[in-house]
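Remember, it's 1-based here, ligands and their atoms both numbered in the order they're listed. For the numbers below, each heavy atom of this structure counts, side chains included, while hydrogens, waters and symmetry mates do not.
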Amino acid sequence: MSRIVHVNGTYVPEEEARVSVFDRGFLMADGVYEVTSVLGGKLVDFPGHLARLRRSLAELDMASPATDDDLLAIHRELVARNGITDGMVYLQVTRGAPPDRDFAYPNPPVPPTLVLFTQSKPGLADSPMAKTGMTVVSIPDQRWARRDIKTVQLLYPSMGKMMAKAQGADDAWMVEDGVVTEGTSNNAYIVKGNAIITRDLGPHILSGITRAAVLRFARESQMQVEERPFTIEEALTADEAFVTSATTFVMPVVRLDGQPIGAGRPGPVAARLREIYLEESRKAAV
Ligand code: PDD
């Protein structure tokens, strides 16, 4: 059975889905996206993803493709039609397809393009990597300066993953002005004693929906949260490290640039936060 995807108000088998070659998402990376995970057939942190989508659209003066209720209904319909128990829903909105290629935004505006599809990942929450931890290398952050907008400009993060792979690592942490910004597709953290340290919010990083929830749970569990820059050197002397994202939840990092972090094994703080995050997310999923 082929996957059913959503394109501009219609549900079609993936082979039949069509977007114009003049679509600005395709030609200019003029589009934004969200990835929402699905656990037990339900959407995790959906209101957060919706709120961030609204903000990304507003920052780029891009028209809304649908109401919040419609977007929730489309997510649910795709999960149901594709029989997704664990996995994710990818949503992309672009500025649409004008009649010709032009750097200027179309005037009058054309309807935005809305595309959603599912990815099935049975056992997503039981990833073996959560037990072994992942390895990262540091690379320069060469992305544009508005990383707070979740755009589909993902070439540098893709290059970063390839740089990591070339060094035998799982992912890369990006460094700018001597301090870590974030992972290629996740937020980065170190743990020192009772303190969890992660980059403060601003245009230099994406405001992770998982980050917000994990920091809230950490504070509720009487852990100390420090939102501030940290260096690779500081990370190498940390007790633990981890990353967060909608697709990895809380994932321990055990090596950085070939050197072990702490004991070189997943630490108790990351394990505990993962447990709390998964438990609370399942309860609040819609
Ligand atoms: N990436 N930072 C970057 C650069 C990201 O691309 C992501 C998410 C995050 C974490 O955000 P959240 O917790 O809201 O998923 C941080 C998604 C998963 C992706 O591109 O597939």
Side-chain angles (χ1 to χ4, degrees), residues 25 29 31-39 43-57 59 75 86-93 115-121 124-125 127 129 134 136 138-164 170-176 179-189 196 198-218 227 229 241-251 253 270 273-274 276-278 280-281 284-285:
V32 299
Y33 77 108
E34 283 296 331
V35 177
T36 303
S37 63
V38 178
L39 289 178
L43 301 161
V44 172
D45 271 337
F46 187 73
H49 288 286
L50 204 51
R52 188 173 59 191
L53 173 69
R54 295 279 169 221
R55 181 178 181 277
S56 294
L57 291 170
E59 289 295 310
H75 276 75
D86 294 338
M88 61 206 75
V89 181
Y90 176 91
L91 169 152
Q92 178 168 330
V93 182
V115 167
L116 291 95
F117 58 82
T118 53
Q119 286 184 282
S120 179
K121 304 262 176 194
L124 180 64
S127 159
M129 201 181 250
M134 62 189 281
V136 300
S138 59
I139 60 169
D141 197 335
Q142 296 181 343
R143 296 173 298 165
W144 81 325
R146 289 301 309 275
R147 303 149 195 164
D148 55 317
I149 309 173
K150 197 163 171 61
T151 74
V152 297
Q153 289 183 71
L154 296 177
L155 183 53
Y156 190 72
S158 295
M159 289 167 70
K161 298 252 190 216
M162 297 312 289
M163 290 180 226
D170 299 310
D171 201 358
W173 279 11
M174 295 180 282
V175 176
E176 185 176 57
V179 288
V180 173
T181 51
E182 58 189 331
T184 59
S185 62
N186 44 60
N187 291 114
Y189 306 73
I196 293 164
T198 192
R199 190 67 193 266
D200 49 306
L201 294 179
H204 43 269
I205 65 166
L206 184 73
S207 175
I209 302 307
T210 321
R211 177 188 184 280
V214 165
L215 293 187
R216 192 171 71 244
F217 299 141
E227 294 179 71
F242 62 92
V243 296
T244 65
S245 75
T247 48
T248 60
F249 311 118
V250 177
M251 191 59 73
V253 171
L273 285 173
R274 182 179 173 89
I276 301 174
Y277 178 77
L278 285 170
E280 295 297 322
S281 300

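- Counting only heavy atoms from C-beta outward, the side chains of His75 and Leu91 approach each other to under 4.5 Å.
- In this structure, Ser37 contributes its side chain and Met88 its backbone to no donor-acceptor pair below 3.5 Å.
- Residue-level proximity to ligand 1 for Ile209 is carried by backbone and side chain together, each with a heavy atom below 4.0 angstrom.
- Thr248 places no side-chain N or O within 3.5 Å of a backbone atom of Thr244 that could act as its donor or acceptor partner.
- Looking at heavy atoms from C-beta onward, Leu206 lies out of side-chain contact with Arg211 at the 4.5 angstrom threshold.
- Proximity to Arg52 (heavy-atom distance under 4.0 Å) selects the following atoms of ligand 1: 11 (O), 12 (P), 14 (O).
- For Thr184, the closest heavy-atom approach to ligand 1 falls below 4.0 Å.
- Ligand 1 has at least one atom lying under 4.0 Å from a heavy atom of Tyr33.
- In terms of protein heavy atoms, atom 21 (O) of ligand 1 is closest to Val35 CG2, 3.7 Å.
- At least one N or O atom of Thr210, backbone or side chain, sits closer than 3.5 Å to an N or O atom of ligand 1.
- Checking Ser127 against Lys121 by side-chain atom types alone, no donor-acceptor pair falls below 3.5 Å.
- With ligand atoms numbered from 1 in the order given, ligand 1 contributes 2 (N), 3 (C), 5 (C), 7 (C), 9 (C), 16 (C) to contacts under 4.0 Å with heavy atoms of Asn186.
- The nearest pair of heavy atoms linking Asn186 to Asp171 is ND2-OD2, 3.0 Å.
- For the pair Thr181 (side chain) and Met174 (backbone), a donor-acceptor distance under 3.5 Å is present.
- Nearest protein heavy-atom contact of atom 17 (C) of ligand 1 is Lys150 NZ, 3.4 Å.
- Taking a cut-off of under 4.0 Å to the non-hydrogen atoms of Glu182, the atoms of ligand 1 that pass are 2 (N), 3 (C), 4 (C), 16 (C).
- Within ligand 1, the atoms closer than 4.0 Å to a non-hydrogen atom of Asn187 are 10 (C), 16 (C), numbered from 1 in the order shown.
- Of the protein's heavy atoms, Thr247 OG1, 3.8 Å lies nearest to atom 18 (C) of ligand 1.
- Of the protein's non-hydrogen atoms, the one nearest atom 6 (O) of ligand 1 is Ser185 CA, 3.4 Å.
- The pair Glu59-Arg146 meets the salt-bridge criterion, since a charged nitrogen lies less than 4.0 angstrom from a carboxylate oxygen.
- Ligand 1 has at least one atom lying under 4.0 Å from a heavy atom of Arg143.
- Side chain of Arg199 to backbone of Val180: a donor-acceptor contact under 3.5 angstrom is found.
- Below 3.5 Å of separation, one finds no N or O of Arg211 facing any N or O of ligand 1.
- Residue Met88 places no heavy atom under 4.0 Å from ligand 1.
- Put simply, the side chain of Arg147 never gets that close to the backbone of Gly202: no donor and acceptor are under 3.5 Å apart.
- Between Ala246 and ligand 1, at least one pair of N/O atoms sits closer than 3.5 Å.
- Heavy-atom distances between Arg147 and ligand 1 stay at or above 4.0 Å for every pair.
- Near Gly208, meaning under 4.0 Å from one of its heavy atoms, ligand 1 places the atoms 11 (O), 12 (P), 13 (O), 14 (O).
- Thr184 and Lys161 share a donor-acceptor pair across their side chains, judged by distance under 3.5 Å alone.
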